[in-house]
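What you see is a predicted model, and the numbers here were worked out from it, not measured in a lab.
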Amino acid sequence: MFRALKQQLAASLKGEISRQFGIDHDPIAEVPPRRALGDLAFPVGLHLAKSLRMKPREIADALASAWPLPAGVRELKVEGAGYLNLYFDRSAFAAGLLDAPVFDPTDGESSSRKVIIEHTNINPNKAAHIGHLRNAVLGDLLVRGLRARGVPVEVQNYIDDTGVQVADVVVGFVDLEHLSVAEVAALRDPFDYRCWDVYARVGKWYEEDPERQKLRRETLHGLESGVGERAEMGRLVARRIVGRHLATMSRLGIGYDLLTHESDILGLDFFTAAFERLKATGAVQLEAEGKNAGCWVMPLEGTAEFAGLEDPDKVIVRSDATVTYVGKDIAYQMWKFGLLGKDFGYRYWMEEGLWMTCREGADDHPAFGSGSEVINVIDARQSYLQKIVRAGLSALGHHDAAKASVHFAYEMVTLSPATARALGYQSEESTETRALEMSGRKGIGVKADDLLDRLEEKAREEISSRNRELGHEELHRLAKEIAVAAVRYFMVKTGTTRVIAFDLDEALNFEGESGPYLQYALVRARNIERKLAAAGGANELTVEKVAALPEELWSDDLWDLVHAAAQVEETVERATTSLELSLIARCALELAQRFNTVYHHHPVLHEDDATLQLLRRAAFRNFARAEGALCELLGIPEPSKM
């Protein structure tokens, strides 16, 4: 509603500028820093002074004297050097918000494009850990934000089932533990935890005798060809691990439209098709000598983006004919844009409730791929490889696709010293002040399910101390909802350019910058209506009644709450456009803080004046609408009580 109102006012003012001065100018609206300066301001005098050769104030005065007061605006003032400051009809504005959608997904430009977002992408060789959660939560928030704006989004989770990590687990089971495929299939869950340990052991086993790495290369060939016991073992490991990953992400409300398997990219000759084009255009060349002898490389020397590199040639196909990650990624990226001329087969994974790629599949599947924009959510350490993928597209002449290939980068997750001690990674006597970094190869890392379990345990303790009358089932459900809120908010509240140190106490702080704090504010607002209804004293809150409220009853702090709630849509648009998703978390936090401040100064349940009570209810309901919508985007469940 607020965005639409701004657009209407800007269009009306544009017409007045044209009528008075005979020029075409699109006025830009600003929200003043202080409510005393109005609810919306147009610095048109400053913007037009040079072209009209007039003083800014004179321009603003001329416009203000003749511009008819638009609907919904009660007052227009000229402020400062040449601002047109508008003051809204507060009651009409608050009433309009009650029925208006928080997000209006009618943006014609947005609905005309399809965005493919690839996120999570955990190697199917071990359990998901805390670092993977930042990727998945950021990706899911971006998906939710774009869909709220009406943008068609396809969510893909890339399964690297032919890579080194899976190969090492296969080596662990076959050569280190001497297990058959049937024996591995019979291993009990948590299978991903077992693989976590196997993967770490294999790394040490290689160190003891580097010759053993020949088994890795043998296994990689088996995985890529899809033939033999090692390939069968790899398929089993990947499938079971992916099932466990999906269950972990489901705990956080994260889902996908399509699982794309690397083995299918190879098996359906996606890479071969892309590789032939790369060779035909001269984008790759066969090295005859040097350290890359026998390899097909992409020369990057001379390109501005890769200037100054010590080794400007990127290997696409190794001398042993195995394909590097970036080679397969180029082929996959081409398919995402519909540029490859080939497609996957698809089948529905009934147990998990989603589609996955295969060699030959069903005919009645949704249309996948062919995006107009592709956003890959991958940590900042992969920035170089993502640049090469874009360079590969450009080398093939797909310059628009290269520009529409977006790397949504983020920094890694560590553990705060206190949390590292609480989870047993450091002794209680440790005086270490540095954050603990994860290492899958060394087996150092907090498993995502262990973290969620620990958060649920701590949440149960906190809730039971506040609500001793709760039954076991309700306590268990609330603890889950609060744990999800704690993780999801913590992963997005900080800008993506910063490493974050996860802290259990900070994440669960009911009174700090946390997901549970947002839940607490939202539950508090919803409880007002519940308690009024239970007491039988609640008058129906209608648009008509709110619109008729006397203007003078609106205090500035209550109006500020309504005004801030109205700006949620624009904040989400700005956040998803800039990929700075922490703006959404910050908006939700600041809105909750505003509510909690005014809540204490403007009681509802014990207010005897029915008109004043109605006004406060309208303000708080508008807060709850906006905060509830933000929490839904953030993936934060709304509890029935706290």
Side-chain angles (χ1 to χ4, degrees), residues 122-123 126-138 141 190 192-193 196-197 199-201 203-204 248-249 251-252 379-382 409-465 479-480 482-520 581-582 585-586 589 634-636:
I122 309 171
N123 288 318
K126 62 182 183 301
H129 62 61
I130 187 173
H132 298 132
L133 294 183
R134 191 175 197 190
N135 181 307
V137 171
L138 284 169
L141 174 54
D192 51 344
Y193 281 35
W196 178 293
D197 296 333
Y199 181 63
R201 286 175 56 210
K204 296 176 181 176
T248 300
M249 296 306 157
R251 294 180 71 177
L252 293 166
D379 76 62
R381 292 171 295 182
Q382 304 301 316
Y410 62 92
E411 290 293 345
M412 62 182 182
V413 182
T414 62
L415 292 182
S416 72
T419 297
R421 288 192 290 272
L423 296 176
Y425 288 95
Q426 293 176 354
S427 68
E428 289 294 333
E429 296 76 26
S430 172
T431 58
E432 180 61 68
T433 59
R434 293 174 300 176
L436 179 67
E437 295 184 8
M438 311 292 133
S439 172
R441 177 64 68 182
K442 296 178 182 178
I444 299 174
V446 179
K447 300 177 184 70
D449 285 312
D450 286 350
L451 176 69
L452 288 167
D453 290 344
R454 183 59 182 267
L455 284 167
E456 287 179 19
E457 179 187 341
K458 287 178 69 67
R460 274 194 298 272
E461 293 171 0
E462 178 67 25
I463 300 165
S464 59
S465 68
K480 281 188 170 184
I482 290 170
V484 169
V487 169
R488 291 197 62 133
Y489 187 84
F490 201 100
M491 292 299 171
V492 300
K493 72 175 183 176
T494 305
T496 52
T497 58
R498 290 178 54 190
V499 174
I500 59 175
F502 190 87
D503 186 88
L504 286 168
D505 292 334
E506 183 181 341
L508 276 174
N509 187 348
F510 279 54
E511 298 176 358
E513 188 177 343
S514 69
Y517 178 83
L518 304 187
Q519 291 175 309
Y520 186 73
L581 301 185
S582 61
R586 175 58 56 183
L589 177 68
L634 291 163
I636 292 176

Handout entry: Any side-chain heavy-atom pair of E462 and L508 under 4.5 Å
Key = no
Problem - Residues in side chain to side chain donor-acceptor pair (under 3.5 Å) contact with Y517, at least two apart in sequence or another chain - result: N596
Fill in the blank from the handout: For D505, the salt bridge (charged side-chain N to carboxylate O under 4.0 Å, His left out) test, sequence neighbours excluded, returns K458
Fill in the blank from the handout: Applying side chain to side chain contact (heavy atoms under 4.5 Å, CB included) to K480 and not counting sequence neighbours gives E456, H476
Handout entry: Set of side chain to side chain donor-acceptor pair (under 3.5 Å) partners for N135, sequence neighbours left out
Key = Y410
Problem - Any side-chain heavy-atom pair of I463 and I482 under 4.5 Å - result: yes
Practice task
Apply side chain to side chain donor-acceptor pair (under 3.5 Å) to R488 and list each qualifying residue two or more places apart in sequence or on a separate chain.
Solution key: D140
Practice task
Would you check if F502 and V446 make a side-chain contact, meaning some heavy-atom pair closer than 4.5 Å?
Solution key: no
Completion exercise
Across all chains, not counting sequence neighbours, the side chain to side chain contact (heavy atoms under 4.5 Å, CB included) partners of Y520 are R466, R524, M642
Problem - Partner residues of D450 under the salt bridge (charged side-chain N to carboxylate O under 4.0 Å, His left out) criterion, sequence neighbours left out - result: none
Problem - Donor-acceptor contact present, side-chain R454 to main-chain A422, <3.5 Å - result: yes
Practice task
Salt-bridge test for K447 and D449: reply yes if a basic N is under 4.0 Å from a carboxylate O, no otherwise.
Solution key: no
Return a table of donor-acceptor pairs under 3.5 angstrom between the side chains of residues 490-499 and protein atoms on other chains or two or more places apart.
from	atom 1	to	atom 2	distance (Å)
K493	NZ	E506	OE2	2.6
K493	NZ	E513	O	3.4

Practice task
Would you indicate whether the side-chain heavy atoms of V487 and R251 approach each other to under 4.5 Å?
Solution key: no
Practice task
State which residues pass side chain to side chain donor-acceptor pair (under 3.5 Å) with S416; sequence neighbours excluded, sorted by chain then number.
Solution key: T419, D503
